[in-house]
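Down below is the structure, laid out as structure tokens.
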Amino acid sequence: MDNQIGKTIKKYRTQKGLTQEELGELTVITANYISQIERGKKSPGLSTITKLSEVLEIPITKLIGSTHNEYKYQDILSDLSVCDREEIAIISIVLELLMSLKRKM
């Protein structure tokens with residue numbers, strides 16, 4: 001399992017001076033799970049990545065951008081499968097915005 005996401009999370013967590021426990025409290029994710037992500041033992045889902053990016057104050061693309069090839073299509077579909085229509089609509093808008101920003105670069 002690729003550990004780029006975990007390394008990136010650890011980098012930004014330590015830059016903010018947070019322990020795994022503190023990050024866990026801020027994200028409502030267990031410190032044990034954060035540890036597993038940072039060590040590459042677990043691969044976070046989209047909702048976890050979103051929470052971490054918000055608390056660490058970094059764009060989601062910083063977490064998954066460097067590993068987009070490794071972040072499997074099936075994982076994204078799995079994350080989307082639990083979303084309701086409203087959430088899918090929001091995700092669609094966000095994707096459109098991201099794609100328009102990408103085209104401007």
Side-chain angles (χ1 to χ4, degrees):
M1 182 180 299
D2 179 63
N3 189 30
Q4 191 58 46
I5 290 175
K7 288 177 184 176
T8 304
I9 291 167
K10 183 175 183 176
K11 171 186 168 185
Y12 286 98
R13 175 181 62 77
T14 57
Q15 281 181 0
K16 289 188 78 66
L18 296 171
T19 64
Q20 290 175 341
E21 291 78 13
E22 291 167 333
L23 181 58
E25 289 173 14
L26 293 169
T27 58
V28 193
I29 299 169
T30 67
N32 182 48
Y33 187 55
I34 291 171
S35 173
Q36 291 176 343
I37 293 169
E38 288 184 358
R39 291 181 291 124
K41 302 295 182 191
K42 295 281 184 181
S43 181
L46 186 57
S47 63
T48 299
I49 290 172
T50 302
K51 287 179 191 176
L52 290 166
S53 73
E54 288 172 358
V55 170
L56 295 172
E57 299 176 315
I58 57 172
I60 289 176
T61 54
K62 289 262 189 203
L63 294 176
I64 64 173
S66 61
T67 61
H68 66 279
N69 290 332
E70 293 85 14
Y71 193 76
K72 299 180 181 110
Y73 178 71
Q74 292 82 7
D75 293 335
I76 295 170
L77 287 178
S78 175
D79 290 335
L80 291 174
S81 71
V82 297
C83 295
D84 62 28
R85 290 182 127 186
E86 184 177 311
E87 291 167 328
I88 295 291
I90 292 168
I91 291 167
S92 178
I93 291 167
V94 170
L95 284 173
E96 288 175 22
L97 289 171
L98 288 171
M99 294 307 295
S100 89
L101 286 173
K102 182 179 176 183
R103 284 185 214 106
K104 291 179 182 180
M105 296 177 125

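Start at 1 with the first residue, then count along the sequence.
Within 6.0 Å of CD in Gln15 there are more than 12 heavy atoms belonging to other residues, nucleotides or ligands. A 6.0 Å sphere centred on NZ of Lys10 holds no more than 12 heavy atoms belonging to other residues, nucleotides or ligands.
Two residues are said to be in side-chain contact when any heavy atoms from C-beta on lie closer than 4.5 Å; Glu22 and Lys16 fail this criterion. Residues Glu87 and Ile90 have side chains not in contact (no heavy-atom distance under 4.5 Å, counting atoms from C-beta outward).
Here the rule is side chain to side chain contact (heavy atoms under 4.5 Å, CB included) with Leu23, and of Thr14, Leu56, Ile29 only Leu56 fits it.
Of all heavy-atom pairs spanning Lys62 and Thr8, the tightest one is O-CG2, 3.4 Å. Of all the heavy atoms in Ile5 and Pro44, the pair that sits closest is CG2-CG, 3.9 Å. When all heavy atoms of Val55 and Thr27 are compared, the closest pair comes out as CG2-CG2, 3.4 Å. Residues Glu38 and Ile9 come closest through the heavy atom pair OE2-CG2, 3.9 Å. Residues Pro59 and Ser53 come closest through the heavy atom pair C-CB, 4.3 Å.
To the nearest 0.5 Å, atom CG of residue Leu26 and atom CZ of residue Arg13 are 12.0 Å apart. In this structure, Asn32 CG and Gln20 CD are separated by 9.0 Å, a value rounded to the nearest 0.5 Å. Rounded to the nearest 0.5 Å, atoms OG1 (Thr48) and NZ (Lys42) are 11.5 Å apart. With rounding to the nearest 0.5 Å, the separation of OG1 in Thr30 from CD in Glu21 is 10.0 Å.
Not one N or O on the side chain of Ser35 forms a donor-acceptor pair closer than 3.5 Å with the backbone of Ala31.
By the criterion of side-chain heavy atoms lying less than 4.5 angstrom apart, applied directly or through intervening Ile, Leu, Val, Met, Phe, Trp or Tyr residues, Ile88 is grouped together with Leu95 in one hydrophobic cluster.
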